[in-house]
Number of protein chains: 2
Amino acid sequence: MVTIGDVARVAGVSRSTASYALSGKRSISPEVREKVEEAVRSLGYTPNAGAKALATSQTKVIGLLARFLEDEFAPAMLQYILGVTNQARERGYDTLLLTDEDGVAALKRISNSRMVDGFILLNVAENDDRLDILRQAPQPGSLVGLPGDPTGIDAFDLDFVAAGRLMVETLHELGHRSLILVSQPEHVLERGGAYVWRLANAAEQRAAELGIELHHHFGSSSQPEIGRELEQLLDEHPSATGLLLNNEAAAAALPNVLHSRGLTAPADISVIGRYSDDFARTFSLPYSAIDSAADDLGRRAVERLISRIDGTVDAATTVVDLLAPRIDDRGSTAVPPSRH
Amino acid sequence: MVTIGDVARVAGVSRSTASYALSGKRSISPEVREKVEEAVRSLGYTPNAGAKALATSQTKVIGLLARFLEDEFAPAMLQYILGVTNQARERGYDTLLLTDEDGVAALKRISNSRMVDGFILLNVAENDDRLDILRQAPQPGSLVGLPGDPTGIDAFDLDFVAAGRLMVETLHELGHRSLILVSQPEHVLERGGAYVWRLANAAEQRAAELGIELHHHFGSSSQPEIGRELEQLLDEHPSATGLLLNNEAAAAALPNVLHSRGLTAPADISVIGRYSDDFARTFSLPYSAIDSAADDLGRRAVERLISRIDGTVDAATTVVDLLAPRIDDRGSTAVPPSRH
DNA sequence: CTGAAAGCGCTTACAG
DNA sequence: CTGAAAGCGCTTACAG
């Protein structure tokens with residue numbers, strides 16, 4: 001392989017000069033710089049990553065800890081992953097993708113071996129056992145998802161409290177007085193998906209403040225169960241004019257359910273979902289929805305992580321960045337139908 | 001950080017002895033081995049990956065070159081990625097995920113920097129510009145997807161020729177004599193998705209051999225266009241009793257199309273798709289389909305790659321492994337309805 | 001503005 | 001069965 005020694009020889013300088021010419025860490029005469037650069041081009045030189053890492057203690061790699069949970073809409077994860085890898089690359093970092101079942105072990109292993117400069121944790125749970133390891137690690141980390149205790153670690157998530165309120169307020173303002181909220185299954189919550197109750201609690205509280213009805217239901221995450229549950233909910237609450245969906249499977253099932261009942265949105269019922277724009281496109285869902293902003297969150301987490309790696313950020317100050325929810329209007333909300 | 005020097009000191013041996021005790025590359029007295037292992041445990045020692053890579057020229061990392069194309073069903077990619085990362089991990093490798101727009105540049109960069117021991121290329125096109133770079137690279141590679149010229153590189157793919165034949169034969173045997181095949185858009189083909197015509201050509205040829213009708217159509221990859229196209233195809237070919245779908249969007253749109261026409265599968269029309277089992281589950285598609293076997297293909301590619309890295313395989317012999325298609329029976333095929 | 005040398009943390013011939 | 005030493009390819013004080 002071609003080394004910096006080869007470059008130095010071809011350029012007729014010492015290895016240190018070649019190194020400095022490339023890093024720009026000390027001033028180099030233009031002629032020498034040109035000779036070095038020419039040598040690099042002609043030889044096709046690229047620094048050996050391992051040697052560089054050993055010498056600098058910087059790998060220019062970030063570790064991405066994904067966590068694939070049953071009953072979760074796996075494809076959604078891809079958007080987070082792409083946000084992270086693309087932003088990392090733009091900033092000169094590559095991404096080591098860790099999909100180990102045992103996230104704690106993976107974190108320990110990679111951290112100890114100094115394979116990466118920092119970590120991004122995806123799908124962070126309310127009580128995530130990876131956080132303690134991360135706090136001990138010599139490398140910094142950024143979370144995508146808000147844990148119960150984010151002390152000492154930067155965290156990025158959608159503001160699910162604001163999302164719950166926004167959904168209710170939007171329909172209330174249009175005149176709706178009875179709503180149904182379909183959440184993800186309770187076991188998502190049990191294994192740490194606190195965002196589910198954050199949204200639901202906020203929605204219920206806001207509905208109470210506004211003096212309107214909100215029927216909350218934990219739905220299944222699979223077909224055809226969720227379809228049947230939706231049917232049943234609509235049967236049970238005939239006066240409900242608005243449907244809030246914090247459940248991807250429910251959103252995917254709804255078109256058929258409405259169709260079979262001869263209902264259309266928003267003429268007969270208003271609908272607001274909470275899922276990614278990408279999901280909406282894939283399933284061609286015609287419902288207004290609060291975007292998960294997966295790509296954006298992944299990018300923010302990386303941006304902050306790199307600032308921390310670079311030390312361009314106060315080490316003692318940690319941020320919790322909750323993205324304000326925004327409804328992508330697809331025209332599925334309107335004033336409720338007048339009852340005759 | 002804790003180094004092998006620390007381990008050696010605590011164990012009361014030399015660094016080389018500590019190293020050999022851990023690698024097992026020469027015989028070590030049981031007592032010494034035990035002392036070293038104890039030191040490793042108490043210190044929580046893990047070798048520095050960069051130093052190890054520098055000394056051994058082995059990184060224990062494989063590079064995964066993903067390629068995200070417009071209009072392709074991105075979530076499907078996740079299954080390949082998971083197959084690769086999981087299999088790699090089982091064999092002691094980590095995975096560097098490369099999502100660079102410019103795959104050629106990424107390949108050069110990573111190869112030259114010696115960050116990985118080998119490459120997996122996903123979504124390989126008929127005329128993939130990454131292949132020449134890979135052939136020059138010092139690291140071996142495995143392809144997922146069959147290019148026009150796989151010379152010198154191991155390739156893994158579903159056997160799309162067999163898949164096309166199988167779809168036609170299956171319905172022919174049930175008594176169908178007029179079929180519709182919906183492929184992915186032509187531009188998928190133009191940018192190198194040769195599997196589209198491989199399947200279509202094989203299906204057409206087999207239909208001709210069997211003396212039955214096959215209407216071939218390149219469908220859109222998005223809603224609601226593909227839904228309208230399906231409507232039109234059914235209108236144009238009222239005598240068709242079988243529908244073959246090599247187009248994910250078409251499969252996702254079909255339930256609504258059939259429903260709106262008052263048709264059910266397989267009573268009125270038989271359907272066979274070609275998409276991943278995961279896709280079927282996500283969209284709860286009730287159609288029998290040839291699985292993409294993404295996970296399996298990813299795993300095979302990794303397995304072969306690692307054998308090549310380890311040199312446990314004849315360096316001069318290259319394989320093209322085409323997975324035999326298999327229909328996951330979801331009950332959407334039957335004898336054609338009798339016409340009165 | 002440039003060079004010779006030490007050091008990063010490993011592995012592995014070489015010597016005993 | 002074990003140890004002292006060289007070397008992997010970089011970077012970066014140190015010295016001029």
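In what follows, chains are A, B, ... by sequence order, proteins preceding strands, each numbered from 1.
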So what does S19(B) touch, heavy atoms closer than 4.0 Å: a base, only the sugar-phosphate, or nothing? base

Quick check on dT12(D): is either OP1 or OP2 less than 4.0 Å from any side-chain nitrogen or oxygen of K25(A)? yes

Regarding the side chain of R15(B), the nearest nucleotide among dG3(D), dT11(C), dT12(D) is dT11(C)

N/O donor-acceptor pair under 3.5 Å between T318(A) side chain and I153(A) backbone: yes

In whole angstroms, how far is the P atom of dT11(D) from the CD atom of Q58(A)? 12 Å

Does any donor-acceptor pair link the side chain of R26(A) with the base of dT12(D) at a separation under 3.5 Å? no

Is a salt bridge present between R89(B) and D94(B), judged by a nitrogen-to-oxygen distance below 4.0 Å? yes

Between CG of D6(A) and C1' of dG9(D) the distance, given in whole Å, is 11 Å

Provide the distance between the two P atoms, one in dC14(C) and one in dC10(C), to the nearest whole Å. 24 Å

Identify which nucleotide among dA4(C), dT2(D), dC1(C) has an atom closest to any side-chain atom of S14(A), counting heavy atoms from C-beta outward. dA4(C)

salt_bridge(D321(A), R300(A)) N-O dist < 4.0 Å: yes

L43(A) CG to dG9(D) P, in whole Å, measures 14 Å

Counting side-chain heavy atoms from CB outward, which of dT12(D), dC10(D), dT11(C) is closest to I4(B)? dT11(C)

Per atom distances to the N48(A) side chain, the nearest of dC10(C), dG9(D), dT2(C) is dG9(D)

Specify the separation, in whole Å, of atom CZ of R9(A) and atom P of dC10(D). 12 Å

Among the nucleotides dT12(C), dC10(D), dG3(C), whichever has the atom closest to the side chain of T17(A) is dG3(C)

Any strand is fair game: report the nucleotide pairing with dA13(D) by Watson-Crick or G-U wobble, both distances under 3.5 Å, or none. none

Given the P atoms of dG9(C) and dA13(C), what is the spacing between them in whole Å? 23 Å

Selected nucleotide, minimal atom distance to A55(A) side chain, candidates dC8(C), dT2(C), dG7(D): dC8(C)

When you measure from the side chain of A51(A), which nucleotide among dG9(D), dG3(D), dT2(C) comes out closest? dG9(D)

Figure out the OH/P separation between Y20(A) and dG3(C), and round it to whole Å. 12 Å

Backbone N or O of V104(A) within a donor-acceptor pair of the D102(A) side chain at under 3.5 Å? yes

Shortest side-chain distance from S29(A), nucleotide among dC1(C), dT2(D), dT12(D): dC1(C)

Quote, to the nearest angstrom, the P distance that separates dA5(C) from dC1(C). 24 Å

Within this structure, what is the NZ-to-C1' distance between K52(A) and dC8(D), rounded to whole angstrom? 17 Å

Is R114(A) touching bases, backbone alone, or none of the nucleic acid, heavy atoms closer than 4.0 Å? nothing

Within the side chain of R67(B), is there an N or O that forms a donor-acceptor pair under 3.5 Å with the backbone of N123(B)? yes

Keeping the roles fixed (side chain from S292(A), backbone from A294(A)), state whether a donor-acceptor pair exists under 3.5 Å. no

Between P30(B) and L54(A), which has a closest nucleotide on DNA chain D that is more 5'? P30(B)

E34(B) CD - dC1(D) P separation (whole Å): 16 Å

Donor-acceptor pair under 3.5 Å: do we get one between S16(B)'s side chain and the base of dA4(D)? yes

Provide, to the nearest angstrom, the distance between the OH atom belonging to Y45(B) and the P atom belonging to dG9(C). 10 Å

